[in-house]
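Have a look at the structure below, then the notes.
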Amino acid sequence: EPFIFFFCDCYYIQASYPSPAEHRHFAAHLVFAMERPFTALVNGVSVEAAGIAIGSDVPHTILSEAPTLVVFIDELTPMSRCVKHTLLRGAPWRTLDTSVSSEVGERWRDVRTEADAAAAGRIALSPIYAAPETGPASADSEATDSAGPAAPAAPDASAAPVLPGWTHV
């Protein structure tokens, strides 16, 4: 059964998406598989992933019979700027590190209350703590990599900056 939690300017939506229509909106997404990889159609490219970051106003849909966690991040929030500059780095979308995505999915499997969601939400945003290893993706690298550029893995949380309203777990 789907559920939605809201805190720290983000909506956390857990649900399966067996046949959604492609759409775009004024919000970024972080999407995590909770049981098995999903198929994302992003900006005309189909990719199988355990996690993906999608920029605001980018055409997309997620196809998954299994539950996924979608972190819906309004374009006007500081968190959206973090996604844009730390994860996307000029690209419309990027796949996320599989080990980080798996950890997020695992933590969210048993979330049933607001308190559970608040604790699990900290790990859902861990990919944005990763410092870019390279500069922004070039148009050439996007065109030749049909799976999209991968975002770097999140570093040890103790070394990551703490965003306002968040503490490390």
Side-chain angles (χ1 to χ4, degrees), residues 4-13 22-33 37-38 40-62 68-105 107-108 117-169:
I4 300 172
F5 292 102
F6 178 80
F7 54 93
C8 291
D9 294 329
C10 300
Y11 287 94
Y12 295 76
I13 306 162
E22 186 176 32
H23 59 281
R24 63 194 315 157
H25 39 71
F26 199 55
H29 287 322
L30 299 179
V31 183
F32 302 97
F38 53 81
L41 178 62
V42 188
N43 226 17
V45 177
S46 179
V47 61
E48 183 102 353
I52 193 166
I54 303 170
S56 180
D57 201 33
V58 174
H60 66 279
T61 191
I62 302 297
T68 59
L69 175 69
V70 176
V71 183
F72 186 92
I73 307 166
D74 185 286
E75 175 68 15
L76 300 175
T77 64
M79 194 61 68
S80 179
R81 286 190 298 280
C82 289
V83 169
K84 184 183 292 183
H85 298 295
T86 303
L87 280 180
L88 296 175
R89 301 186 321 268
W93 62 276
R94 288 188 190 270
T95 57
L96 300 175
D97 180 85
T98 301
S99 64
V100 173
S101 298
S102 296
E103 184 178 353
V104 171
R107 293 247 182 131
W108 275 85
R122 294 180 188 103
I123 193 68
L125 296 178
S126 65
I128 68 165
Y129 293 139
E133 294 175 353
T134 61
S138 69
D140 293 339
S141 67
E142 273 184 68
T144 59
D145 184 356
S146 63
D156 179 343
S158 63
V162 178
L163 296 173
W166 292 84
T167 58
H168 293 296
V169 288

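For the atom pair CE (Met79) and CG (Leu30), the distance works out to 9.0 Å, reported to the nearest 0.5 Å. Rounding to the nearest 0.5 angstrom, the gap separating the CG atom in Leu96 from the CZ atom in Phe32 is 5.5 Å. Atoms CD and CG, from Glu103 and Asp97 in turn, are 10.0 Å apart once rounded to the nearest 0.5 Å. One distance of note links CD1 of Ile54 with OG1 of Thr95; it measures 11.0 Å at 0.5 Å rounding. Here the straight-line distance linking atom CZ of Phe72 with atom OG of Ser80 works out to 10.0 Å at 0.5 Å rounding.
The closest side-chain heavy-atom distance from Ile52 to Val42 is below 4.5 Å. Contact annotation: the side chain of Val31 never approaches that of Leu69 to less than 4.5 Å [non-hydrogen atoms, C-beta and beyond]. Residues Glu22 and His60 fail the side-chain proximity criterion, which asks for heavy atoms closer than 4.5 Å. Taking 4.5 Å as the limit, every side-chain heavy atom of Lys84 sits out of range of all side-chain heavy atoms of Arg89.
In this structure, the ring of Tyr12 has its center no less than 6.0 angstrom from the ring center of Phe5.
When all heavy atoms of Ala40 and Ile62 are compared, the closest pair comes out as CB-CD1, 3.7 Å. Nearest approach of Ala53 to Leu87, heavy atoms of both residues: CB-CD1, 4.0 Å. Scanning all heavy atoms of the two residues, the minimum distance from Val71 to Cys10 falls at CG1-CB, 4.0 Å. Scanning both residues, Leu41 and Ser46, for their nearest heavy atoms gives CD1-N, 3.9 Å.
No hydrogens or angles considered: a donor-acceptor pair under 3.5 Å links the side chains of Ser56 and Glu75.
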Could you give me the CA-CA distance, side-chain angles and deciding distance for Tyr11 and Ile73, then say whether side chain to side chain contact (heavy atoms under 4.5 Å, CB included) is met? CA-CA 7 Å; Tyr11 287 94; Ile73 307 166; over 6 Å; no
Could you go through the side chain to side chain contact (heavy atoms under 4.5 Å, CB included) check for Val70 and His29 one step at a time? CA-CA 7 Å; Val70 176; His29 287 322; 3.7 Å; yes
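Remark: the backbone N or O of Asp57 is paired with a side-chain donor or acceptor of Arg24 at under 3.5 angstrom. A distance-only check finds a donor-acceptor pair linking the side chain of Ser102 to the backbone of Thr98 [under 3.5 Å]. Here the side chain of Trp93 pairs no donor or acceptor atom with the backbone of Gly55 at under 3.5 angstrom. Looking at Thr77, its side chain does come within 3.5 Å of a backbone N or O of Asp74 through a donor-acceptor pair.
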